[in-house]
Number of protein chains: 2
Amino acid sequence: MPRTPKADDLYPAVAPSGHFNPHLADVEYGALDGLVGYAVRRAQLHIYEDFVRSLQTWNITPPRFSAMTVIAHNPNLKLTELANILGVARSGAVLLVDTLEDMGMVERQPAPKDKRAFRLVLTAKGATTLDEITRAVTAHDARVTAHLSTDERQTLLALLNKLASGPNSAS
Amino acid sequence: MPRTPKADDLYPAVAPSGHFNPHLADVEYGALDGLVGYAVRRAQLHIYEDFVRSLQTWNITPPRFSAMTVIAHNPNLKLTELANILGVARSGAVLLVDTLEDMGMVERQPAPKDKRAFRLVLTAKGATTLDEITRAVTAHDARVTAHLSTDERQTLLALLNKLASGPNSAS
DNA sequence: TATTGTTATACTCTATAACTATA
DNA sequence: TATAGTTATAGAGTATAACAATA
């Protein structure tokens, strides 16, 4: 059981705190302007803001959405596997699943052959909600990239994936 | 004065926690694969890991590097201005400057006409160190993008900047 | 012995809000 | 009254480490 219930309030876990302009006129950014890393960070802040605003009705943050999506498409994951996929510590996955279970989205089912482990599955409500929020997230993603052309968006996606997958270019 | 000294230890403020593979085989990522937002997040995790590792000798995190760079290129900033540029709350800027002052990188100098305010400047040590870490950061950035061609890197940078600047395409 | 899930604990980051001293 | 900096406080997020049950 989680120490404190977190799913009850409707407020998002991250404060919006007004809009952040990533590049002000009259300000010199020096070496920052040439760094892919800083550009990625700027882009992330820009997108994250809109994500939280767009999903606050459901109290869904990016990690929660990722977890639900991964659980939906890879049923019967163990908690440790989920942690590895999401790149968080096991303890972090426990808290994430606690929250999603409190929200009625995910269930821990006993694993058939291993009495230590659980199989993670979406509830019916979780599946329905995931459909809704996937549409909301897709709309949000389209909105924050609306000023890019279709080609530009595709190119950006491909380059980001190539960047993140590192030197081992097999994705 | 800061409540707890943070600049003394050599450990980075963020735990590396091993390598995170953003895209495992045998795992279905569902809608996540088509989202620019998730691709940006993946890329950011990938880059952030290497940044912290590359700069741990100096105990410099991305926010600290950004702050030092902005202060260097825009001398005599007030604390509130720095906060606006970096997109953090004033109290966050205070803590950031506290840390950099503890490290001997930044100085608060009295503002000439306003007894409430300070002018932020780099110390001599700060300027020297910034040269070093700018080289280290540039090398780090080149390394994590080394598997992209020069053209791809330029395109990615341009698209990210366009993305982050939003519909108001004037940068 | 190793692994699964859990809990305890701590630390970073960042926000809001109240406070002070100036303006 | 408003602003600059500061401080107090709180909360999310995530890490490490120890633990019980099971393999």
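All values derive from a computational prediction rather than experimental measurement.
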[X] [atom1] to [N] [atom2], straight-line distance once rounded to whole Å:
{"X": "B:D98", "N": "C:dT12", "atom1": "CG", "atom2": "C1'", "result": "15 Å"}
{"X": "A:N84", "N": "C:dG5", "atom1": "CG", "atom2": "P", "result": "10 Å"}
{"X": "B:K78", "N": "D:dT3", "atom1": "NZ", "atom2": "P", "result": "11 Å"}
{"X": "B:Y48", "N": "D:dG13", "atom1": "OH", "atom2": "C1'", "result": "12 Å"}
{"X": "A:E101", "N": "C:dG5", "atom1": "CD", "atom2": "P", "result": "13 Å"}
{"X": "A:I60", "N": "D:dA12", "atom1": "CD1", "atom2": "P", "result": "15 Å"}
{"X": "A:L96", "N": "D:dA15", "atom1": "CG", "atom2": "C1'", "result": "15 Å"}

Going from OH on A:Y38 to CZ on B:F51, what distance comes out if it is rounded to the nearest 0.5 angstrom?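 Here the rounded value is 11.0 Å.
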Salt bridge or not for B:R119 and B:D114, using N-O below 4.0 Å?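 Looking at B:R119 and B:D114, the cut-off is not met.
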Same cluster for A:L86 and A:V137 if Ile/Leu/Val/Met/Phe/Trp/Tyr side chains link at under 4.5 Å?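 They do share one cluster, since a chain of ILVMFWY contacts under 4.5 Å joins A:L86 to A:V137.
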Joint hydrophobic cluster, A:M103 plus A:L82, side-chain heavy atoms closer than 4.5 Å: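 Yes, same cluster.
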Along DNA chain C (nearest heavy atom to each residue), the more 5'-positioned of A:S91 and A:R116: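 Closer to the 5' end of DNA chain C: A:R116.
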Which nucleotide wins on minimum distance to the side chain of B:V88, given the candidates C:dA15, C:dT4, D:dG5?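 Ranking C:dA15, C:dT4, D:dG5 by closest atom to the B:V88 side chain puts C:dA15 first.
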Closest approach to the side chain of B:R90, judged atom by atom: which nucleotide of C:dT14, D:dA18, D:dT6 is it?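 Among the listed nucleotides, the one closest to the side chain of B:R90 is D:dT6.
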Which part of the nucleic acid does B:A89 contact within heavy-atom distance under 4.0 Å: base, sugar-phosphate only, or nothing?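 Contact class for B:A89: base.
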Checking all strands, does B:R108 fall into the base, sugar-phosphate, or nothing category for heavy-atom contacts under 4.0 angstrom?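 Answer is sugar-phosphate: B:R108 comes under 4.0 Å of backbone atoms only.
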Counting only side-chain N and O atoms of A:K115, is one of them less than 4.0 Å from OP1 or OP2 of D:dT22?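 It does not, given that no N or O in the side chain of A:K115 lies less than 4.0 Å from OP1 or OP2 of D:dT22.
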Within the pair B:T80 and D:dG5, is there a side-chain N or O less than 4.0 Å away from OP1 or OP2?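 Answer yes for this pair, as a side-chain N or O of B:T80 is under 4.0 Å from OP1 or OP2.
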Can you spot which of A:V144, A:V52, A:T145 makes a side chain to side chain contact (heavy atoms under 4.5 Å, CB included) with A:I47?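 Filter result, single survivor: A:V144.
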